[in-house]
Amino acid sequence: MNKHFLSDTTVLLGRSLRHIARSPDTIITTAIMPIAFMLLFVYVFGGAIETGSDSYVNYLLPGILIITIASGISYTAIRLFLDIQGGIFERFQSMPIARSAVLWAHVLTSLVANLISLVVVLGVALAMGFRTGAGALGWLAVAGILALFTLALTWLAVLPGLTAKSLDGASAFAYPLIFLPFVSSAFVPTESMPGPVRAFAEHQPVTAIVNGIRALFTQQPVGTDIWTALAWCVGILVVAYLFATISYRRRIF
C-alpha cells in the first residue's frame, strides 16, 4: 500500500465532501423519498396492516432505513461517473498520489452522506412517534449493521460508476435495490405473503437485516437473523470490492 494512501484519501475525501456541501440537494433528495414512503405507509396504509406491533412506525422504520441507503448509494455511482467523464481520473493519474485513494474517497463520501440522510430520516421517525428501549450497545449494533450494509452497497455502486456509458445507466442500478425491501418483511410480515413470494422474501438479504435491526430496537432476541444479516453484508462487500477493484485497474491501466 502506498505510504501516502491515508493522507491522499483524506485530501480527496475533503474534496468530495465540499462538493456535497455546495450541493446539499443530493442529501435532501435521498431523504425525501424514504420519508414520503414512511408518511404514506404510517398514515395511509398503517391502519390496514396487521403486524402485531403496538406502533407501525416502529415496525416500519428498519425497512425505511434500508431504502434510505439504497437511494443514497446511487449518487456514489453518479459522482464517480461524472469524475471519469470530466477527465479528473486522468489528472489524478499524473499526480504522485495513491491510485486506490480515489476510489476510497468516493466510498467514504458515501458513508458520510448516507449517515446524514439516515439521521434526518430517524429524526422524522421520532417526530412521528418512533420509540425504542434499545441501550447504547443496541444502537451501536444497529449503526454497525447499517454502516456495513452501506459499505457493501457502495462498493456495488462503484461498478456502474466505472463501467456505465451514460449518467442514467450509472444511477439505474439502484432501482432494484430500492424495490427489494417491498418484497421482504420491511412493511408486512412474510407469513401473509403467497408461497413463492414468501420463499423469496424470507431468503433475501433485506429480510434478515430488517429483522435483526427490528429485534435490536425492541430488545428482543436476535436469533440467527443477525448472523445471516452479517453474512449477507460481508458476502456482498467482498464480491463487490473484488469486481470493483478489477474494473478500476482495467480502467486506469
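- Rounding to the nearest 0.5 Å places OG1 of Thr245 at 10.5 Å from CZ of Arg250.
- A donor-acceptor pair is defined here as one N or O able to donate and one able to accept, closer than 3.5 Å; no such pair exists between the side chain of Ser74 and the backbone of Ala70.
- Across all non-hydrogen atoms, the minimal contact from Ala157 to Ile73 is CB-O, 3.5 Å.
- Here the shortest heavy-atom pairing between Ala152 and Cys233 reads CB-O, 3.5 Å.
- For Phe130 and Phe217, the ring centers sit closer than 6.0 Å to each other.
- Scanning all heavy atoms of the two residues, the minimum distance from Gln204 to Val183 falls at NE2-O, 2.5 Å.
- Under the 3.5 Å distance criterion, the side-chain polar atoms of Arg214 are matched with a main-chain donor or acceptor of Ser185.
- In terms of heavy atoms, Val57 sits closest to Ala125 at CG2-O, 4.4 Å.
- Tested against Pro62, the residues Ile209, Ile213, Leu216 include a single side-chain contact (heavy atoms from CB on, under 4.5 Å) partner, Ile213.
- With ring centers used as reference points, Trp155 lies under 6.0 Å from Trp104.
- Trp227 and Leu151 end up in the same hydrophobic cluster when Ile, Leu, Val, Met, Phe, Trp and Tyr side chains are linked at under 4.5 Å.
- Glu202 and Thr207 share no side-chain donor-acceptor pair at under 3.5 Å.
- Taken to the nearest 0.5 Å, the CG atom of Leu61 stands 12.0 Å off from the CZ atom of Arg131.
- Residue Ile64 holds its CD1 atom at 12.5 Å from OH of Tyr59, rounded to the nearest 0.5 Å.
- Under a hydrophobic-cluster definition in which Ile, Leu, Val, Met, Phe, Trp and Tyr are linked whenever side-chain heavy atoms come within less than 4.5 Å, directly or via other members, Val238 and Leu111 are assigned to the same cluster.
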Applying side chain to side chain contact (heavy atoms under 4.5 Å, CB included) to Thr132 and Asn58, what does each step give before you reach the verdict? CA-CA 8 Å; Thr132 175; Asn58 286 2; over 6 Å; no

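- Taken from CZ in Arg198 to OG1 in Thr190, the straight-line distance is 5.5 Å, to the nearest 0.5 Å.
- A donor atom on one side chain and an acceptor atom on the other are not found under 3.5 Å apart for Thr150 and Asn114.
- The nearest pair of heavy atoms linking Val206 to Pro181 is CG1-CA, 3.8 Å.
- When all heavy atoms are compared, the tightest approach of Gly169 to Pro160 is O-CB, 4.4 Å.
- Aromatic rings of Phe187 and Phe182 (six-membered ring for Trp) have centroids within the 6.0 Å cut-off, being under it.
- Criterion: ILVMFWY side-chain heavy atoms under 4.5 Å apart, direct or through other members. Under it, Leu39 and Ile178 are part of a common hydrophobic cluster.
- With a 6.0 Å radius and a threshold of 12 heavy atoms from other residues, nucleotides or ligands, Phe179 has its CZ atom at or below the threshold.
- The distance from atom CG of Leu103 to atom CG of Leu162, rounded to the nearest 0.5 Å, is 6.0 Å.
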